Chemist: 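Mind looking over this structure? Questions follow.
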Number of protein chains: 2
Amino acid sequence: MCCAPLVRDPLSAEQSVDLARVFKAMGDPVRLRLLSLIASHAGGEACVCDLTDVFDLSGPTISHHLKVLREAGLITGERRGTWIYYRVCPDLLARASAVLVPDR
Amino acid sequence: MCCAPLVRDPLSAEQSVDLARVFKAMGDPVRLRLLSLIASHAGGEACVCDLTDVFDLSGPTISHHLKVLREAGLITGERRGTWIYYRVCPDLLARASAVLVPDR
DNA sequence: CTCCTGATTCGATGACTGTCGAAGCAGAGG
DNA sequence: CCTCTGCTTCGACAGTCATCGAATCAGGAG
(Lines give C-alpha, C1' and ligand atoms only; values in the text may rest on other atoms or scores of the structure.)
Protein backbone atom coordinates (compact mmCIF):
# COMPACT_ATOMS: atom_id res chain seq x y z
CA MET A 1 0.00 0.00 0.00
CA CYS A 2 -0.52 2.60 -1.50
CA CYS A 3 -1.64 4.63 -3.90
CA ALA A 4 -3.73 7.17 -5.76
CA PRO A 5 -7.42 7.49 -5.00
CA LEU A 6 -9.56 4.77 -6.45
CA VAL A 7 -11.49 7.16 -8.64
CA ARG A 8 -8.46 8.76 -10.22
CA ASP A 9 -6.37 5.88 -11.49
CA PRO A 10 -7.28 2.23 -11.86
CA LEU A 11 -5.72 0.10 -9.15
CA SER A 12 -3.02 -2.30 -10.24
CA ALA A 13 -3.45 -5.99 -9.52
CA GLU A 14 -0.94 -5.82 -6.67
CA GLN A 15 -2.41 -2.72 -5.11
CA SER A 16 -5.86 -4.22 -5.17
CA VAL A 17 -4.65 -7.37 -3.46
CA ASP A 18 -3.04 -5.38 -0.65
CA LEU A 19 -5.99 -3.07 -0.22
CA ALA A 20 -8.54 -5.85 -0.39
CA ARG A 21 -6.81 -7.58 2.50
CA VAL A 22 -7.52 -4.58 4.70
CA PHE A 23 -11.11 -4.14 3.60
CA LYS A 24 -11.74 -7.84 3.94
CA ALA A 25 -10.60 -7.70 7.54
CA MET A 26 -13.13 -4.92 8.08
CA GLY A 27 -15.82 -6.80 6.21
CA ASP A 28 -17.21 -8.56 9.25
CA PRO A 29 -19.59 -6.90 11.73
CA VAL A 30 -17.83 -8.35 14.74
CA ARG A 31 -14.41 -7.18 13.58
CA LEU A 32 -15.63 -3.72 12.65
CA ARG A 33 -17.16 -3.37 16.05
CA LEU A 34 -14.03 -4.64 17.76
CA LEU A 35 -12.02 -2.10 15.82
CA SER A 36 -14.40 0.63 16.86
CA LEU A 37 -14.45 -0.46 20.49
CA ILE A 38 -10.67 -0.45 20.65
CA ALA A 39 -10.30 2.84 18.80
CA SER A 40 -12.88 4.68 20.85
CA HIS A 41 -11.86 3.23 24.19
CA ALA A 42 -10.42 5.53 26.80
CA GLY A 43 -6.67 5.83 26.39
CA GLY A 44 -6.82 4.47 22.84
CA GLU A 45 -6.43 0.92 23.99
CA ALA A 46 -8.63 -1.86 25.26
CA CYS A 47 -8.07 -5.13 27.10
CA VAL A 48 -9.49 -8.29 25.58
CA CYS A 49 -11.68 -8.75 28.65
CA ASP A 50 -13.32 -5.39 27.86
CA LEU A 51 -14.19 -6.67 24.41
CA THR A 52 -15.43 -10.17 25.11
CA ASP A 53 -18.37 -9.07 27.25
CA VAL A 54 -19.88 -6.97 24.48
CA PHE A 55 -20.57 -9.94 22.24
CA ASP A 56 -22.50 -13.16 22.58
CA LEU A 57 -19.49 -15.03 21.32
CA SER A 58 -16.98 -17.39 22.85
CA GLY A 59 -13.50 -16.29 23.84
CA PRO A 60 -11.79 -18.24 21.06
CA THR A 61 -13.99 -16.56 18.48
CA ILE A 62 -13.10 -13.07 19.69
CA SER A 63 -9.49 -14.12 19.75
CA HIS A 64 -9.77 -15.30 16.18
CA HIS A 65 -11.18 -11.99 15.01
CA LEU A 66 -8.50 -10.07 16.84
CA LYS A 67 -5.92 -12.19 15.08
CA VAL A 68 -7.41 -11.36 11.69
CA LEU A 69 -7.32 -7.65 12.50
CA ARG A 70 -3.75 -8.03 13.76
CA GLU A 71 -2.60 -9.83 10.64
CA ALA A 72 -4.21 -7.16 8.49
CA GLY A 73 -2.09 -4.62 10.32
CA LEU A 74 -5.09 -2.77 11.71
CA ILE A 75 -4.33 -3.35 15.38
CA THR A 76 -1.41 -4.27 17.61
CA GLY A 77 -1.50 -6.16 20.87
CA GLU A 78 0.80 -5.76 23.83
CA ARG A 79 0.90 -7.88 26.94
CA ARG A 80 1.25 -6.01 30.22
CA GLY A 81 1.15 -8.35 33.15
CA THR A 82 -1.94 -10.46 33.14
CA TRP A 83 -3.79 -8.62 30.41
CA ILE A 84 -3.25 -7.98 26.74
CA TYR A 85 -4.05 -4.52 25.43
CA TYR A 86 -4.93 -3.76 21.85
CA ARG A 87 -4.71 -0.46 20.02
CA VAL A 88 -5.44 0.54 16.45
CA CYS A 89 -2.91 1.63 13.83
CA PRO A 90 -4.34 4.98 12.77
CA ASP A 91 -2.25 5.43 9.65
CA LEU A 92 -3.47 2.26 7.98
CA LEU A 93 -7.01 3.36 8.68
CA ALA A 94 -6.22 6.77 7.27
CA ARG A 95 -4.66 5.33 4.15
CA ALA A 96 -7.60 3.03 3.54
CA SER A 97 -9.91 5.97 3.98
CA ALA A 98 -7.94 8.15 1.60
CA VAL A 99 -8.14 5.67 -1.26
CA LEU A 100 -11.89 5.87 -1.30
CA VAL A 101 -12.28 9.57 -1.95
CA PRO A 102 -10.83 11.87 -4.62
CA ASP A 103 -8.02 14.25 -3.81
CA ARG A 104 -8.95 17.58 -2.40
CA MET B 1 -25.68 4.05 7.41
CA CYS B 2 -24.31 6.17 9.09
CA CYS B 3 -22.67 7.36 11.71
CA ALA B 4 -19.93 8.89 13.80
CA PRO B 5 -16.31 8.08 13.02
CA LEU B 6 -15.19 4.67 14.19
CA VAL B 7 -12.64 6.13 16.56
CA ARG B 8 -15.04 8.48 18.32
CA ASP B 9 -17.98 6.28 19.33
CA PRO B 10 -18.27 2.51 19.33
CA LEU B 11 -20.37 1.25 16.46
CA SER B 12 -23.72 -0.26 17.35
CA ALA B 13 -24.48 -3.80 16.28
CA GLU B 14 -26.77 -2.56 13.50
CA GLN B 15 -24.33 0.03 12.22
CA SER B 16 -21.55 -2.49 12.10
CA VAL B 17 -23.68 -4.91 10.11
CA ASP B 18 -24.50 -2.25 7.53
CA LEU B 19 -20.96 -0.98 7.29
CA ALA B 20 -19.43 -4.42 7.15
CA ARG B 21 -21.59 -5.21 4.14
CA VAL B 22 -19.92 -2.40 2.24
CA PHE B 23 -16.38 -3.26 3.30
CA LYS B 24 -16.97 -6.91 2.62
CA ALA B 25 -17.94 -6.07 -0.93
CA MET B 26 -14.65 -4.20 -1.25
CA GLY B 27 -12.75 -7.03 0.37
CA ASP B 28 -11.92 -8.83 -2.84
CA PRO B 29 -9.12 -7.79 -5.19
CA VAL B 30 -11.20 -8.30 -8.31
CA ARG B 31 -14.07 -6.23 -6.96
CA LEU B 32 -11.84 -3.44 -5.74
CA ARG B 33 -10.23 -3.28 -9.12
CA LEU B 34 -13.58 -3.32 -10.88
CA LEU B 35 -14.71 -0.47 -8.67
CA SER B 36 -11.58 1.46 -9.50
CA LEU B 37 -11.83 0.77 -13.21
CA ILE B 38 -15.41 1.99 -13.28
CA ALA B 39 -14.74 5.04 -11.13
CA SER B 40 -11.69 6.15 -13.05
CA HIS B 41 -13.09 5.42 -16.51
CA ALA B 42 -13.69 8.31 -18.86
CA GLY B 43 -17.16 9.72 -18.34
CA GLY B 44 -17.46 8.05 -14.95
CA GLU B 45 -18.96 4.94 -16.41
CA ALA B 46 -17.75 1.74 -17.97
CA CYS B 47 -19.32 -0.99 -20.07
CA VAL B 48 -18.96 -4.58 -18.92
CA CYS B 49 -17.02 -5.39 -22.04
CA ASP B 50 -14.41 -2.81 -20.98
CA LEU B 51 -14.01 -4.64 -17.70
CA THR B 52 -13.94 -8.26 -18.75
CA ASP B 53 -10.80 -7.94 -20.85
CA VAL B 54 -8.71 -6.70 -17.93
CA PHE B 55 -9.03 -9.96 -15.99
CA ASP B 56 -8.24 -13.57 -16.68
CA LEU B 57 -11.69 -14.50 -15.54
CA SER B 58 -14.80 -15.79 -17.21
CA GLY B 59 -17.75 -13.55 -18.03
CA PRO B 60 -19.99 -15.11 -15.39
CA THR B 61 -17.41 -14.47 -12.71
CA ILE B 62 -17.13 -10.77 -13.57
CA SER B 63 -20.90 -10.61 -13.65
CA HIS B 64 -21.04 -12.17 -10.21
CA HIS B 65 -18.65 -9.61 -8.75
CA LEU B 66 -20.56 -6.75 -10.35
CA LYS B 67 -23.70 -8.11 -8.74
CA VAL B 68 -22.06 -8.12 -5.32
CA LEU B 69 -20.96 -4.51 -5.79
CA ARG B 70 -24.45 -3.61 -7.00
CA GLU B 71 -26.15 -5.25 -4.02
CA ALA B 72 -23.80 -3.45 -1.68
CA GLY B 73 -24.98 -0.19 -3.23
CA LEU B 74 -21.53 0.71 -4.51
CA ILE B 75 -22.40 0.77 -8.20
CA THR B 76 -25.44 1.05 -10.42
CA GLY B 77 -25.93 -0.46 -13.85
CA GLU B 78 -27.94 0.94 -16.71
CA ARG B 79 -28.71 -0.71 -20.00
CA ARG B 80 -28.43 1.47 -23.07
CA GLY B 81 -29.07 -0.52 -26.21
CA THR B 82 -26.79 -3.49 -26.44
CA TRP B 83 -24.48 -2.57 -23.60
CA ILE B 84 -24.81 -2.16 -19.88
CA TYR B 85 -22.96 0.73 -18.29
CA TYR B 86 -21.90 0.81 -14.67
CA ARG B 87 -21.08 3.82 -12.54
CA VAL B 88 -20.11 4.19 -8.90
CA CYS B 89 -22.18 5.78 -6.15
CA PRO B 90 -19.76 8.39 -4.83
CA ASP B 91 -21.64 9.20 -1.63
CA LEU B 92 -21.52 5.64 -0.30
CA LEU B 93 -17.80 5.62 -0.98
CA ALA B 94 -17.48 8.97 0.78
CA ARG B 95 -19.45 7.80 3.78
CA ALA B 96 -17.43 4.62 4.11
CA SER B 97 -14.29 6.70 3.91
CA ALA B 98 -15.51 9.17 6.53
CA VAL B 99 -16.16 6.49 9.13
CA LEU B 100 -12.52 5.47 9.11
CA VAL B 101 -10.98 8.78 10.11
CA PRO B 102 -11.67 11.15 13.00
CA ASP B 103 -13.56 14.38 12.43
CA ARG B 104 -11.61 17.35 11.34
C1' DC C 1 5.76 -26.00 42.73
C1' DT C 2 0.67 -25.70 42.25
C1' DC C 3 -3.48 -23.51 41.31
C1' DC C 4 -6.18 -19.92 39.08
C1' DT C 5 -7.31 -16.69 35.48
C1' DG C 6 -6.81 -14.41 31.00
C1' DA C 7 -5.91 -15.29 26.37
C1' DT C 8 -4.45 -17.98 22.33
C1' DT C 9 -4.11 -22.19 19.51
C1' DC C 10 -5.97 -26.53 17.78
C1' DG C 11 -9.38 -29.46 15.48
C1' DA C 12 -13.81 -30.09 13.78
C1' DT C 13 -17.95 -28.65 11.47
C1' DG C 14 -21.47 -26.21 9.00
C1' DA C 15 -22.00 -22.18 6.15
C1' DC C 16 -20.53 -19.15 2.73
C1' DT C 17 -17.81 -17.71 -1.52
C1' DG C 18 -15.20 -17.51 -5.93
C1' DT C 19 -14.99 -19.86 -9.98
C1' DC C 20 -16.53 -22.15 -14.11
C1' DG C 21 -19.51 -24.14 -18.07
C1' DA C 22 -24.15 -24.39 -19.62
C1' DA C 23 -28.33 -22.35 -20.16
C1' DG C 24 -31.26 -18.28 -20.45
C1' DC C 25 -32.51 -13.46 -21.57
C1' DA C 26 -32.51 -8.91 -24.10
C1' DG C 27 -31.61 -6.03 -28.06
C1' DA C 28 -29.97 -5.31 -32.79
C1' DG C 29 -29.97 -6.65 -37.39
C1' DG C 30 -31.01 -9.43 -41.02
C1' DC D 1 -39.24 -15.01 -37.83
C1' DC D 2 -34.24 -16.38 -36.88
C1' DT D 3 -29.57 -15.49 -35.45
C1' DC D 4 -25.84 -13.22 -33.30
C1' DT D 5 -23.74 -10.85 -29.43
C1' DG D 6 -23.48 -8.99 -24.71
C1' DC D 7 -24.62 -9.97 -20.27
C1' DT D 8 -26.84 -12.45 -16.47
C1' DT D 9 -28.61 -16.50 -14.04
C1' DC D 10 -28.25 -21.38 -12.75
C1' DG D 11 -25.99 -25.45 -10.86
C1' DA D 12 -22.00 -27.53 -9.29
C1' DC D 13 -17.65 -27.83 -6.93
C1' DA D 14 -13.54 -26.72 -4.38
C1' DG D 15 -11.75 -23.67 -1.15
C1' DT D 16 -12.31 -20.45 2.65
C1' DC D 17 -14.39 -18.78 6.95
C1' DA D 18 -16.93 -18.12 11.44
C1' DT D 19 -17.86 -20.57 15.26
C1' DC D 20 -17.38 -23.66 19.09
C1' DG D 21 -15.27 -26.86 22.86
C1' DA D 22 -11.00 -28.73 24.32
C1' DA D 23 -6.38 -28.17 25.03
C1' DT D 24 -2.54 -25.18 25.75
C1' DC D 25 0.24 -21.29 27.22
C1' DA D 26 1.66 -17.22 30.30
C1' DG D 27 1.65 -14.67 34.50
C1' DG D 28 0.30 -13.82 39.25
C1' DA D 29 -0.73 -15.44 43.85
C1' DG D 30 -0.58 -18.63 47.39
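Throughout, a chain's letter reflects where its sequence line sits, starting with A, and its residues are numbered from 1. Just so it is clear, the structure is predicted and the values come from calculations on it, not from any experiment.
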Chemist: Between atom CG in B/L69 and atom P in C/dG18, what is the gap in whole Å?
Modeler: 10 Å
Chemist: Roughly, in whole Å, what's the span from CD in B/E71 to P in C/dT17?
Modeler: 11 Å
Chemist: Among residues two or more places apart or on two chains, list those pairs meeting side-chain hydrogen bond (donor to acceptor under 3.5 Å, both in side chains) that have a residue in residues 24-34 of chain A.
Modeler: A/R31-A/H65
Chemist: Treating primed atoms plus P, OP1 and OP2 as sugar-phosphate and everything else as base, which nucleotides of nucleotides 11-17 of chain D get B, S or - for protein heavy atoms under 4.0 Å?
Modeler: ------S
Chemist: Got B/L6 and A/L32 here, is their nearest side-chain heavy-atom distance under 4.5 Å?
Modeler: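 B/L6 reaches A/L32 side chain to side chain.
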Chemist: Can you give me the N/O atom pairs linking the protein to nucleotides 2-7 of chain D at distances under 3.5 Å, or say none if there are none?
Modeler:
| residue | atom | partner | partner atom | Å |
| --- | --- | --- | --- | --- |
| D/dC7 | OP1 | B/C49 | N | 3.4 |
| D/dC7 | OP2 | B/C49 | N | 3.1 |

Chemist: How many whole angstroms separate atom OH of B/Y85 from atom P of C/dG27?
Modeler: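 Atom-to-atom, B/Y85 to C/dG27, this comes out as 15 Å.
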Chemist: Using atom NZ of A/K67 as one end and atom C1' of C/dT9 as the other, report the distance to the nearest whole Å.
Modeler: 7 Å
Chemist: Is a side-chain donor or acceptor of A/S97 paired with a backbone partner of B/S97 at a separation under 3.5 angstrom?
Modeler: yes
Chemist: Side chain of B/D50, backbone of B/C47: donor and acceptor closer than 3.5 Å?
Modeler: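 A pair under 3.5 Å: yes.
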Chemist: Flag the pair B/R87 / B/I75 as yes when at least one side-chain heavy-atom distance between them is below 4.5 Å, and no otherwise.
Modeler: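 Answer no - side chains too far apart.
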Chemist: Which part of the nucleic acid does A/L57 contact within heavy-atom distance under 4.0 Å: base, sugar-phosphate only, or nothing?
Modeler: sugar-phosphate
Chemist: Sub-3.5 Å donor-acceptor pair from the side chain of B/T76 to the main-chain atoms of B/Y86, do we have one?
Modeler: no
Chemist: Over how many whole Å does the gap from A/L51 atom CG to C/dG6 atom P extend?
Modeler: 14 Å
Chemist: Is it possible for you to check whether A/R80 lies under 6.0 Å from the centre of the six-membered ring of A/Y85, through NZ or CZ, and within 45° of that ring's axis?
Modeler: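 The answer is yes; both the distance and angle limits are met.
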Chemist: Looking at D/dC20, I'd like to know if its phosphate oxygens (OP1 or OP2) sit under 4.0 Å from a side-chain N or O belonging to A/S58.
Modeler: yes
Chemist: To the nearest 0.5 Å, how far apart are CG in A/L92 and CG in A/L74?
Modeler: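 It is 5.0 Å, given to the nearest 0.5 Å.
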